[in-house]
Engineer: 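Before we start, here is the structure in question, set down as structure tokens.
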Amino acid sequence: MRYSGFRVLKEALTGHKGWRPAWRDAAPRPAYDIVIIGGGGHGLATAHYLAREFGQSRIAVLEKGWIGGGNVGRNTTIIRSNYLLDGNEPFYEFSLKLWEGLEQVLNYNAMVSQRGILNLIHSDGQRDAFTRRGNAMILNGADADMLSLAEIKKRYPFLNTADARFPIKGGLAQHRGGTVRHDAVAWGYARSADSRGVDIIQNCKVTGFRIENGVCKGVETTRGYIAATKVGCAVAGHSSRLMSLANMRLPIESHVLQAFVSEGLKPVLPGVITFGAGHFYCSQSDKGGLVFGGDIDGYNSYAQRGNLPVVEDVCEGAMAIFPMLGRARLLRMWGGIMDMSMDGSPIIDRTHIDGLYFNGGWCYGGFKATPASGFAFAHLLATDSPHPTASAYRFDRFRKGRMIDEKGMGNQPNLH
Amino acid sequence: MIIDHPLLGPRDSSEFTYMGDAALIDRPDPEAEDAAQAFYEYAYLRDNPAGWHRELWFHEAGDRSWLVVTRNTLTHEISKVELARDVARSRGRSR
Amino acid sequence: MSVGSRTQKNRLSGGQIDRDTALTFTFDGKRYCGHGGDTLASALLANGVRLMGRSFKYHRPRGPLSAGSEEPNALVQLRSGARQEPNTRATTAELFDGLQARSQNRLGSLSCDLLAVNDRLSTFLTAGFYYKTFMWPKAFWERVYEPVIRRAAGLGSLSLSEDPDVYDKGFLHCDLLVIGAGPAGLMAALTAARSGANVILADEDFRMGGRLNAETLTIDDSPGADWAAATVAELAAMPNVRLMPRTTVIGAFDHGIYGAVERVSDHLTVPHPDKPRQILWRIYTQRTVLAAGAIERPIAFPNNDRPGIMTASALRTYANRYGVAVDRRAVVFTNNDDGHRTATDLHAKGITVTVVDVRPETPRALDYEVLAGAQVTDTMGRLGLTFAKLRLADGSDRIIECGALGVSGGWNPNLHLTCHHRGRPQWNARLAAFVPDIRPDSRPDSRPGGLPEGMFVAGAANGDFSTAAALEGGARAAWAALDLGGARPEIPQAEDRPVNLLPFWHVKGPGRAWLDQQNDVTVKDVTLSHQEGFTSVEHLKRYTTLGMATDQGKTANLGGLAIMAELAGKSIPEVGTTMFRPPYTPVAIGALGGRHRGQQFHPKRLTPSHAWAEEQGAVFVEVGNWLRAQWFPRVGETTWRDSVDREVLATRGSVGVCDVTTLGKVDVQGADAAEFLNRIYCNGFAKLPVGRTRYGLMLREDGIALDDGTAARLAEDHFVVTTTTANALPVYRHMEFVRQCLLPDMDVQLISTTEAWAQFAVAGPKARRVLEKIVDQDISNAAFPFMACANVTVCGGLRARLFRISFSGELAYEIAVPTAYGDALIRRIMEAGAEFAITPYGTEALGVMRIEKGHAAGNELNGTTTALTLGMERMVSTKKDSIGAVLSRREGLNDPDGLRQVGIRPLDPSAHLPAGAHLMARTGPVDAAHDQGYVTSACYSPTLGHHIALAFLKNGTNRLGETLRLVSPLTGVDLAVEVCSPHFVDPEGDRLRA
Amino acid sequence: MHDLTPTPALGYEAQTIGTVTITENSGVALASVAARTGHSDTCTAELTSLLGAAPRVGRAVLHDPEAGFWMGPDQWMIGAPMATHEDLADQLKARFGTAASITEQSGAWVVFDVTGDAMPDMCELLCNVAIRRMTAGDVQRTVIHQLGCFVIRRASDDHIRILGPRASAGTLHHALITAAKSIA
């Protein structure tokens with residue numbers, strides 16, 4: 001069923017009788033060509049692109065709960081491609097380009113809003129680093145713009161420039177960056193994949209892999225054994241738990257990242273802004289809530305909740321640059337499980353087990369990567385070769401010393 | 001969170017700095033045949049359990065002790081706190 | 001007749017308000033009068049004002065639904081100017097004299113909101129409609145649709161000027177925290193306090209007592225409110241009790257840490273000077289009793305959202321506590337006995353009341369009408385309720401004129417905080433409500449989904465709805481929590497009526513029946529959500545926005561679940577449960593930020609010469625938390641470059657001085673100190689002689705450069721290690737890790753002494769001449785050669801440390817004295833250097849000189865560079881084990897075509913080289929695929945008379961002399977440069993040794 | 001004898017706000033003692049002879065002229081009047097020899113004495129110590145406005161001594177004054 005303004009009118013006038021489920025609540029079949037574990041953004045996107053771009057059929061997405069219930073449903077909705085390193089920038093720029101055409105492809109309004117993202121600069125060293133980054137972005141075909149304080153004040157007149165502990169000296173902007181209605185991404189991909197015959201199987205938890213002579217034959221689930229020629233894993237924060245069922249240890253730790261939303265307010269923030277001398281970034285949703293976050297709590301956790309010190313740290317950052325936020329109220333806080341990798345960059349690769357593929361290590365940057373991650377993983381699953389923009393996201397980069405370390409923090413995940 | 005420091009008693013975790021899995025105490029032998037592989041696994045691979053986890057915390061704003069904290073990553077419950085130095089010795093490290 | 005009550009047409013007798021104080025306030029500019037003890041809502045209702053706001057989506061007229069913090073509708077903009085405060089609940093805003101409130105989320109006046117047109121279009125604006133449209137034409141989303149939607153959305157607005165009030169944060173410690181001061185909470189606090197425990201009793205209300213203030217029932221034959229007041233008084237008199245009214249416990253965090261916000265000044269016109277508006281308390285407690293009461297839930301029926309329609313208990317509260325009749329003619333719509341209590345109380349206040357009870361069998365009433373088996377099927381009244389339409393038991397319709405309609409669908413235990421550790425409430429069929437999960441294995445916090453560790457739940461929050469059960473439960477909870485022995489406390493006498501309820505969620509029929517009144521989620525929306533497959537509670541919430549408003553759906557969620565259960569043919573617990581996340585009610589961001597604002601955001605660290613540098617008119621720069629002199633402008637100098645160039649030339653020409661105290665200093669002592677450093681640094685230190693200093697490079701275990709600096713051996717068993725300013729702390733932490741976790745038996749002790757010593761670099765050909773006048777010992781080149789170090793004395797005997805090390809590349813020393821003497825020493829050095837025109841230099845000149853020398857600094861040590869990249873590969877000893885040695889040998893870190901540090905000079909000497917520029921082959925494409933490297937640091941070299949730069953270049957060491965293209969598309973630079981040695985000045989290092 | 005005059009971290013006058021008085025105390029010489037491996041007993045003995053007792057974990061020995069408190073495992077901070085003990089580190093080195101590593105700390109710290117009835121209320125706004133449970137001689141290292149500080153409960157009930165990083169003396173003093181005004 002095609003969505004359109006006309007359709008909405010027609011249904012409204014006929015009592016909304018015609019709307020059908022956005023996707024079938026499918027029951028598992030005994031065997032598939034490709035089984036994707038994880039009904040989050042990445043898993044659903046992978047299924048969509050497998051069906052749409054790579055002509056695959058007999059695809060299932062297995063979700064232990066309800067689709068879109070993980071990080072795609074709990075994030076600060078930012079999209080951007082302002083990366084520094086060659087291993088990353090082409091991939092995220094590819095992702096941003098996919099975002100730009102997403103709604104038309106999915107026939108689902110995910111509210112992709114390229115309102116721009118701005119990284120504030122507070123020191124000369126930071127300016128040098130951002131200059132290098134901005135140049136890398138442009139050399140990779142992305143957009144970047146170095147803004148002066150005056151230009152920034154035009155857009156954010158209420159930034160604290162009078163009494164700032166760390167004065168703002170400028171900012172690196174990516175005007176094509178922005179935000180997306182996160183839940184809609186999961187639903188849109190699900191609906192599109194479903195319409196192309198993909199089975200989306202909810203409440204189906206994978207309890208084991210059936211591996212014979214180094215070959216993965218299928219998965220054991222709470223809804224029975226499901227045979228598969230290829231199995232792709234995309235379970236974000238739960239990567240280590242899942243892959244341990246295949247006796248794999250990963251270069252990943254699971255950490256909690258908290259995010260926050262304020263009460264609804266009339267528009268104050270035109271775009272996405274990040275504080276360079278503290279832990280705070282913020283945008284305003286179309287509903288009016290300020291959506292903001294900061295640093296991870298910093299300890300391994302699967303508890304999906306964080307603690308007060310980080311909440312305070314983030315709000316201190318907020319007050320440092322936006323002292324006018326003092327009387328705005330924080331409405332809700334939540335914690336997501338981040339698959340923090342050892343160099344802060346993701347992995348999209350085959351495993352040493354034939355037929356078993358892995359997609360993870362997205363740290364807290366997985367949402368913006370959803371389209372490209374799905375596309376690249378689909379490419380890998382369909383062709384057994386990495387997508388050109390994801391060719392650096394290999395397991396063996398750590399063994400070989402070819403880390404992709406944007407922040408230069410080394411093998412301590414909570415520092416990335 | 002509150003970490004029950006073996007010497008100082010309960011202390012707020014915000015006084016501490018976190019490093020990660022206490023297996024980092026078991027630094028491999030650089031002379032060994034398989035040193036390259038051993039160091040790769042030591043530096044990069046983690047069990048990352050959902051459940052009990054032994055981990056290293058540094059009492060930065062306290063007595064500057066490194067601690068080994070046994071904490072449940074599902075509930076944040078802490079069942080045991082030891083001085084990392086004692087743990088290191090008990091695992092055969094000396095000089 | 002009390003003051004100001006003439007205008008308060010709906011003010012009744014009685015209640016806990018102070019009729020002798022008349023408080024005047026304005027709402028939408030109109031002046032009204034209320035009393036001390038009023039909330040904004042009660043005062044407006046007393047004045048006959050029911051219309052207080054507009055709903056989020058349809059802009060429907062709204063009045064209060066409740067009399068508490070669960071309020072979804074009556075949100076106003078409080079105060080004015082910079083103190084403007086959006087989305088404040090009129091139902092909890094304590095009235096003060098001069099209060100200004102305005103209605104929000106409207107276009108035009110509150111009574112004539114132009115956006116109410118949305119209500120007419122509601123059939124098009126159903127749940128999730130926006131996901132299905134606004135997609136064509138593509139460009140229109142951002143240009144047209146989204147801006148319109150954004151403008152319409154949102155509730156109140158911020159002032160956009162800085163919050164003039166201050167906020168504090170604090171820490172409290174207690175044995176028992178009691179949350180909620182109703183009958184259960186008061187009884188718990190009393191029991192605990194009498195046992196001698198340290199007790200904190202917190203309640204969000206400005207008057208403790210909870211429901212007792214809103215009821216007519218008695219305890220030990222005296223009015224409940226009086227018992228509450230007496231109990232509060234007893235507690236207030238006890239030294240081991242801290243009463244915290246106006247304090248909302250916002251969240252339960254790990255291990256018995258609770259966040260609480262105390263509203264210190266929100267009931268004042270403006271806070272007292274220097275006093276906070278609010279305080280964020282972190283309460284550390286052994287045990288907690290949650291006695292947060294319960295929240296009455298509405299029943300959904302067509303047009304159930306008009307001003308004047310509220311929960312039955314709210315009607316009761318306004319009448320009993322505030323002496324306010326929402327209207328003189330009221331209807332109570334109920335499915336349980338508690339609705340009848342409301343009717344009784346209203347009747348007693350002289351209000352005409354009719355009870356509409358869905359149950360065929362209902363309690364009898366002699367003096368007012370009770371309609372059994374009846375339902376409210378519709379209401380009328382554009383800006384406020386005027387008529388209610390009923391369907392009677394016999395199927396006939398009846399219309400009743402009324403301005404107040406109280407709805408009681410039963411009560412939900414207020415279990416918000418029990419969910420903060422992801423505890424999953426359990427379904428209780430008797431109450432038709434979720435109750436906290438208090439199964440034994442849910443405590444201690446040994447499984448996900450349990451109660452917060454150490455939490456006990458009592459009273460209505462635990463599903464014990466009678467007063468007697470609340471009192472008993474409170475006492476029992478405190479008893480269990482503190483594990484008290486001895487005689488059980490005496491429980492006062494009180495009513496113990498059972499809950500009598502017939503689950504009933506919504507009246508069927510045409511017209512929209514609201515579930516979430518703030519977000520305008522109706523029964524129809526839930527139906528559509530089910531129809532489109534969004535059936536799980538998470539999908540329902542996200543698709544319809546049910547429960548996502550500022551009240552977190554405290555009055556709405558269960559209704560939505562019930563409808564979904566009905567549609568899915570499941571039981572309510574099968575569909576899902578209601579979960580809550582912190583905070584309990586929204587918290588001002590200012591309170592969470594506390595005093596860390598403006599200049600106080602982070603601490604400032606001042607160098608020992610700061611006062612002196614200020615006298616010199618230095619320009620300062622933040623380096624981490626340090627403030628360092630960046631340069632010292634002189635009269636006549638127009639740009640910073642003038643000053644920096646002068647400082648460099650003066651230093652290289654004669655002598656300069658710079659405060660280098662900020663460099664990290666670690667005191668390393670012990671018999672194994674040398675061997676310890678041998679493991680920490682990739683280069684050797686075991687054989688460093690006493691009295692000598694050595695440059696050292698530390699690697700991380702992954703083989704990447706961590707930090708560089710010097711280690712000076714002052715004695716066999718004593719070294720002083722310096723680190724870069726930025727890495728002082730991480731390096732110290734790393735050294736302690738190696739010491740305690742890897743080499744526990746080494747005899748070595750570490751202490752960070754960064755701030756204990758004031759350290760100055762004295763550099764330049766005349767440096768020795770200057771220091772000879774200050775240092776008491778012989779520092780001739782023979783006695784004190786390059787890289788020497790020693791404990792010396794200065795100025796006739798002050799203990800000091802002298803190091804002959806050089807960052808600038810000149811003959812240079814670093815001299816350190818105890819910090820208290822730093823100011824005196826810098827002044828003395830300036831005197832001694834006067835004859836050589838000694839020049840103070842700042843971090844910029846320091847930077848220029850180190851680039852001229854090709855020394856790596858922060859921009860080069862960026863966490864991805866190795867010894868090889870920095871051209872120091874020969875330093876990495878292969879003869880010994882050191883941190884990082886093994887992994888530094890990985891192929892990727894030894895790629896022959898990898899990045900190497902080089903120098904860069906422009907072919908056109910007048911050209912400017914920007915740091916962050918990238919390097920490309922002279923000819924060929926300019927893109928990422930052909931990237932050759934990048935510029936790490938750049939500056940103008942006054943010594944050479946042109947710009948120079950340090951860069952990382954692929955295979956750089958073998959490309960000296962090659963011409964490259966330097967591009968910075970970001971800043972519009974594209975010029976030809978030559979690759980050269982990074983050592984621009986004195987590559988042989990003769991000056992160092994002079 | 002040298003002719004350089006020391007400068008205090010701030011040099012502010014004592015300030016009384018409400019009942020609380022905040023005084024910078026620049027008269028304290030400080031040095032730390034860290035036991036060498038295998039010499040903790042010798043150190044304990046020396047400390048006992050110096051202070052009358054070796055400070056136990058989390059405790060101070062408020063003794064004259066030298067006082068001391070526990071800093072960490074096998075590590076103590078010794079304080080004494082600057083007037084008579086400016087060379088405290090050397091004195092201690094002479095006393096402990098190779099049994100301990102001695103580090104001069106005088107310059108590293110700014111010392112504030114806070115006295116007055118409302119001192120505990122003030123502490124509740126400053127740092128996470130259960131101040132009302134502290135007894136004379138209790139010491140806790142904690143964080144005040146992001147600064148690592150020692151809080152020492154002195155002999156009299158209404159007196160604490162705060163040691164903070166000298167370079168941030170201004171920030172620390174501002175935090176103390178702000179808290180004092182807040183509860184005044």
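As the structure is a prediction and not an experimental result, all values here were calculated from the model. Chain letters run A, B, ... following the sequence lines, proteins first, then strands; residues in each count from 1.
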Engineer: Report the option among A:Lys407, A:Glu11, A:Arg115 that has the most heavy-atom pairs separated by less than 4.5 Å from atoms of chain C.
Structural biologist: A:Arg115
Engineer: Hey, what do you get for OH (A:Tyr3) to CE (C:Met135), rounding to the nearest 0.5 Å?
Structural biologist: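 Taking OH in A:Tyr3 and CE in C:Met135, the distance rounds to 9.0 Å.
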Engineer: Whether the side chain of C:Glu146 engages the backbone of A:Ser113 through a donor-acceptor N/O pair (distance < 3.5 Å, no angle test) should be reported.
Structural biologist: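 Judged by distance alone, no pair lies under 3.5 Å.
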Engineer: Does the ring centre of C:His420 sit less than 6.0 Å away from the ring centre of A:Trp334?
Structural biologist: no
Engineer: Counting heavy-atom pairs closer than 4.5 Å to chain C, which one of A:Cys315, A:Ala303, A:Gly288 comes out on top?
Structural biologist: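 Option with the top pair count is A:Cys315.
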Engineer: What heavy-atom pair brings A:Arg327 and C:Pro164 nearest, and what distance separates the two atoms?
Structural biologist: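 Looks like NH1-CD, 4.5 Å.
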Engineer: Taking side chain as everything from C-beta outward and backbone as N, CA, C, O, which of these in C:Ala549 sits under 4.5 Å from a heavy atom of chain A? Side chain, backbone, both or neither.
Structural biologist: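 Backbone only.
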Engineer: Could you tell me whether A:Glu312 and C:Arg282 have a side-chain N and a carboxylate O separated by less than 4.0 Å?
Structural biologist: yes
Engineer: Salt-bridge test for A:Arg402 and C:Glu891: reply yes if a basic N is under 4.0 Å from a carboxylate O, no otherwise.
Structural biologist: yes
Engineer: One pair to check against side-chain contact (heavy atoms from CB on, under 4.5 Å): A:Leu139 and C:His918. What are the steps and the verdict?
Structural biologist: CA-CA 9 Å; A:Leu139 292 170; C:His918 288 237; 3.7 Å; yes
Engineer: Flag the one option from A:His122, A:Gln304, A:Glu103 with the top tally of heavy-atom pairs under 4.5 Å to chain C.
Structural biologist: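 Top count of heavy-atom pairs under 4.5 Å with chain C: A:Gln304.
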Engineer: Heavy-atom pairs under 4.5 Å with chain A are the metric here; pick the option from C:Asn625, C:Ile704, C:Leu75 that has the most.
Structural biologist: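 Of C:Asn625, C:Ile704, C:Leu75, C:Asn625 has the most heavy-atom pairs under 4.5 Å with chain A.
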Engineer: So which residue, A:Met403, A:Arg165, A:Arg399, ends up with the most heavy-atom pairs under 4.5 Å with chain C?
Structural biologist: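 Answer, by heavy-atom pair count under 4.5 Å with chain C: A:Arg165.
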Engineer: Below 4.5 Å, heavy-atom pairs only: which of A:Phe398, A:Phe158, A:Phe166 has the largest tally toward chain C?
Structural biologist: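 Heavy-atom pairs under 4.5 Å are most numerous for A:Phe166.
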Engineer: Is A:Lys169 paired with C:Glu622 through a side-chain N to carboxylate O contact shorter than 4.0 Å?
Structural biologist: no
Engineer: Counting heavy-atom pairs under 4.5 Å with chain C, which one of A:Val314, A:Asp405, A:Leu308 comes out on top?
Structural biologist: A:Leu308
Engineer: Got a second to check how far A:His16's NE2 is from C:Phe129's CZ, nearest 0.5 Å?
Structural biologist: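 CZ of C:Phe129 is found 10.5 Å from NE2 of A:His16.
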Engineer: Classify the ring geometry of A:Tyr108 against C:Tyr131: parallel below 30°, tilted from 30° to 60°, perpendicular beyond 60°.
Structural biologist: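 Rings of A:Tyr108 and C:Tyr131: parallel, as their planes differ by under 30°.
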Engineer: Taking only Lys NZ, Arg NE, NH1 and NH2, and the carboxylate oxygens of Asp or Glu, determine whether C:Asp254 and A:Arg305 approach each other closer than 4.0 Å.
Structural biologist: yes
Engineer: Check for me whether the distance between the ring centres of C:Phe534 and A:Trp66 falls short of 6.0 Å.
Structural biologist: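 No.
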